[in-house]
Every structure is written in C-alpha cells, then in structure tokens.
Amino acid sequence: IVFLCSCLLVEGQVKISDLTETTTAAPTNYLPIVVSPGAVGGTKKIAVGNLLTNTLSTVGTVVNVGASVVGNVPFYTSTTGTNVAPSGAIIVGASTNLNVIGGITANNVVSTNLLTAKTGGGATFLVAATDAPTRIKAQADYVCDGAGDDIEIQAAIDASVGIVLLSPGTFNLATNLHARSGMTLRGSGYNSVINVNGDFRGLRFLGASTNFLTNIVVADMTFLGTSNSAHTNNRLIEVAEYTRRVTFENLNLRNAGYDGLVILHEASDITVSKCFVSGCQDDGINVGGDATGTPATETVVQGNTVRDCVNDGIHISDGSKRTVVTANVITRCGNGVGIYNSTENIITSNMITNVVRGIWTISGTCDYLTISDNIVDTASTAGLVLAHSHVGTQVIGNKFLNINSGSSDAISITQTSNPIQVQNNLAYNSSDQFDYGFAGLNRRGFIEVVDNFIGQIPAATSPAGPFAFFSATSGTGAALARLS
C-alpha cells in the first residue's frame, strides 16, 4: 500500500482491515510503508489500538514485521542508522504502551503519569529510605519501609551494574548486604545512614576463587553499629575473601561492636580513603585480621580520621604485606598503629595523639618496615615499640613528643635479629628517650642510631641517660650498636 502524501494524520482510534496490495510503484518523492503478512486469517491486516498522532514523518523504510499487534505499536527501520522522527506528538493511551527498540533522543519528554525506562541495568537506581522526603520517594526506583531495608537495597544492587544511590534517611538492616562486581554504592552524604543493629556484618564482600569481586566503589554514607562488644560479628564492612580493586571513600563508620572495616584474606588493591571511623569496640581499620588464607596485599589506608577505638586505630596483621598507612589522624585509641606478623609495610606521615603506644609491633615477624615522618604526641607507654623480628627496618624522621608518663620511652627496641636503622628522629619531653634492650641476638644483630635529636628531658624523671642500652643477654655473640 502506498500513501501518496507527505504525512499520515490520524485522530482517534483507527482500525484498518482487509488491506490488499497494489502494484502501483511509489513516486520517487515518497517513502513506502510496507505491511508484511499478519496472523489474522492469513491476509495482510493490521489492528492498531490507540495510535494518536498529528504528523508522522519517516526517514528510511518503516516496516511492520511479524504478527498483527493489538494495543502496542512498534516502529522499525529497515536501514541501519535511520530514524523514525515524528514532527508532532505521539500520544499513547493509558491502557497501551509505546515500545522503543533502541535508544530515545529527546529534548523534551512529558508524561502525565509514571514514566518507566528499561535501560538494561546500566543506569542509576535510587533507593529511598522510609523517612526520605516525599518528593524523593516519588522519584525512587525502590522505597524502603524501615524494616528489613536490606531487601530493597540488595535488589537494587543485583539489578544494576551502574550506580545504586541511597537517599538521605535511615536504612535499617535485618541482615548483611552482599557486594557484587562493578557496583558503585553511594549515599547522599553522612545523612544516608545504614543501621547495622544486630550481631551481623553491614556490607560483606565474599567472592570465590573462580569469580573474584572486582571494580567496586562504596562512598558517601554512614554505617552505624551496636556499640556492643559482645557483638563480635558487628563489623560494619567486611572484605571477606577473593576481592580486588575496591575503593572505600568518605564513609562514616561509627560504633561497631567489633571492627569498623576489616580486610581479610585473598584481597588486593583495596583503598580506604577520607573515612571517619569512631567508637569501635575493637579496631577501627583492620587489614588482615583473622585471615586464614592468602593474606591481603597492596592495601592503602590514606587520609582517614580514626578516634575513640578500644584497641588499635589501624591494625595490620596475619601475614598481610605491602600495606601503606599514610596521612591518617589517630587519636584517643588504645594504640595508634599496631602491626602483628606482617611485613613490607610503610607507616608514614601520620599524626597519632593520646594513645597508649603510638606505633608498635605486637608479635610475629615484622620485617622490612619503613616507619617515617610520623608525629606521636602523648603516649602513656611508648612512642614506638619494636618488640619482635625486624629485618631491614628503618625508623627515620619521626617526632615523639610528650611521652612522659612514668618511665615511658620515645623509642623502645627490645628484640631484633638483623640490622635496624634509627635516624633523624626527634624525642622531646619524654621520660626515656631511646631504650634498647636486646635478647637472643646472633652475630649479625646490629642497630645504628645516628643523627637523632633529644630535647628537654623532664626534671621529674631520672633516666639512665638519653640512650639506655642493654647488650645481648643470650645468643651466639654480642650485639653491635652504633650511637651518635
């Protein structure tokens, strides 16, 4: 059938029946509308429901392919790259659908009712809290009811490979959320609060040896724990295993029953940045804690503020390697940075105040450490404690201030088995400036303490001297030391 006109104008409902073909050739000025055989009686028919338009202009060939359609009107182009371009309005009735196969480019899309777009999982999904403003709920893809909000958040995570955006408000979890590869979970700032009110994790990363979780961002929200030390599973974020390339940024992690954020085994390339961690009943940020498999590697903990945690502000342990802890502020925690059985770490440019120990090695092998350019101000026991194996460790350019409770030490090195370099450090207003006691050294045991500055020893204390040095009490040979 050929319409010899530049436009097709239709008002109201149209039903076209019993159409027959014509062999009349279309003038070159006009574009054909080709109607293929339908399913109604074997003849060429179309039943069109509620197609209302002012003007329908086409570029290319418009072909209705397949069976007759009632209610839904599909537009197809037979030539790749051509468009169906209505110059007027396409008005779709309330009981019918406009299905577009491909993309829509429009300057103005107006809908008097709900406008729903199926995007194939790449768009932003908005999840509204039960106490979110009404205008945000009206726009949301998922609306929570305040009980078991993990259901709606998890559904959004599972549906999207793009961004899941949480509205302002409080989301109450009944169980933990599970991360998935490629997701970005982003709040609307610290007033997007995920309430982890029970003895369970808040957000958990659990990949598999054949299917690592990768390329994930979690940012701009608050996780709130129970503050109950009996809740040892109340870890606000847990990277359990088989996870790579994850960024945690601008999170507020408060009052965890155990750790604020913990990274376990089979994890690498994890960055924790610009987070505020407070009130945790164990450690604030824990890299490697409780790991049972291949330890965490290449973790960066940078630019965070950690305060009022019961044990370590930042804890590095259980075989983890190559962790960088830099530019963090740690205050009023049990200890600043604790290192347990972990090697090849860099602890640099941190500010640590009002703790028991500034930086300390708890136990195990802690070799090849670089501890540099940190400031430890006011520690009740010691500024720095190196109590275990420290092969190839350097302590350079640190400042230890006001370490003056009783016989506390600016730097205490009680055991070693290989060279340690202590250079260009400043100890000021500390009870004991440098305390070195060695046990079980072999002939290679050597410590070099050079170019350090010691100032204002408190008058109330009577240390043995700026350097209290004790040689080996056992082992195959005497320790060697150079102090200057």
Side-chain angles (χ1 to χ4, degrees), residues 283 309-317 323 325 328 330-343 345-348 350-423 425-441 445 447-449 452 454 461 463-464 466-470 473 479 481 483:
D283 303 320
C309 295
V310 172
N311 289 325
D312 296 336
I314 298 173
H315 182 82
I316 309 171
S317 68
T323 298
V325 177
N328 301 283
I330 305 170
T331 186
R332 298 199 304 266
C333 294
N335 305 287
V337 179
I339 306 168
Y340 164 75
N341 197 33
S342 178
T343 61
N345 302 308
I346 298 175
I347 316 298
T348 185
N350 301 284
M351 169 66 78
I352 302 170
T353 64
N354 295 290
V355 293
V356 177
R357 304 171 190 85
I359 302 168
W360 73 311
T361 57
I362 305 166
S363 64
T365 300
C366 301
D367 296 336
Y368 306 111
L369 303 180
T370 298
I371 301 171
S372 65
D373 298 306
N374 301 284
I375 297 176
V376 179
D377 187 347
T378 312
S380 60
T381 297
L384 170 66
V385 178
L386 300 180
H388 299 279
S389 174
H390 304 100
V391 173
T393 290
Q394 293 179 306
V395 180
I396 300 175
N398 302 281
K399 297 178 178 65
F400 302 99
L401 313 174
N402 304 310
I403 318 296
N404 55 17
S405 175
S407 59
S408 52
D409 304 312
I411 300 176
S412 175
I413 302 175
T414 57
Q415 290 188 16
T416 187
S417 58
N418 270 286
I420 293 178
Q421 181 184 21
V422 181
Q423 185 173 1
N425 299 282
L426 180 149
Y428 187 82
N429 195 27
S430 298
S431 298
D432 286 349
Q433 310 298 324
F434 298 96
D435 185 1
Y436 308 103
F438 299 96
L441 298 185
I447 183 166
E448 180 181 60
V449 183
N452 298 282
I454 301 169
T461 62
F467 299 99
F469 175 72
F470 303 93
T473 57
L483 299 96

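All values below were derived from every heavy atom in this structure, side-chain atoms included, with hydrogens, water molecules and symmetry-related copies excluded. Each residue takes its place number in the sequence, starting with 1.
Val376 is listed as a side-chain neighbour of Ile403, based on a closest heavy-atom distance under 4.5 Å. Between Ile371 and Leu384 there is a side-chain heavy-atom pair separated by less than 4.5 Å.
With sequence neighbours left out, Cys366 forms a side-chain contact (heavy atoms from CB on, under 4.5 Å) with Ile339, Thr361, Leu369, His390. The side-chain contact (heavy atoms from CB on, under 4.5 Å) search around Asp373 returns Thr348, Ser349, not counting sequence neighbours.
Rounding to the nearest 0.5 angstrom, the gap separating the NZ atom in Lys399 from the OH atom in Tyr428 is 13.5 Å. Annotation: the span from Arg332 atom CZ to Thr378 atom OG1 amounts to 12.5 Å, rounded to 0.5 Å. With values rounded to the nearest 0.5 angstrom, Asp312 atom CG is found 9.0 Å from Ile330 atom CD1. Interatomic distance, CG of Asp377 versus CE of Met351, reported as 7.0 Å (0.5 Å rounding). Atom CD1 of Ile411 and atom CZ of Phe400 lie 4.5 Å apart (nearest 0.5 Å). Between atom CG of residue Leu386 and atom CD1 of residue Ile413 there is a gap of 5.0 Å, rounded to the nearest 0.5 Å.
In this structure a side-chain-to-backbone donor-acceptor pair under 3.5 Å is present from Asn374 to Ile347.
Pairing each heavy atom of Val385 with each of Ala382, the nearest pair is CG2-CB, 3.4 Å. When every heavy atom of Ile316 is checked against every heavy atom of Asn345, the shortest pair comes out as CG2-ND2, 4.0 Å.
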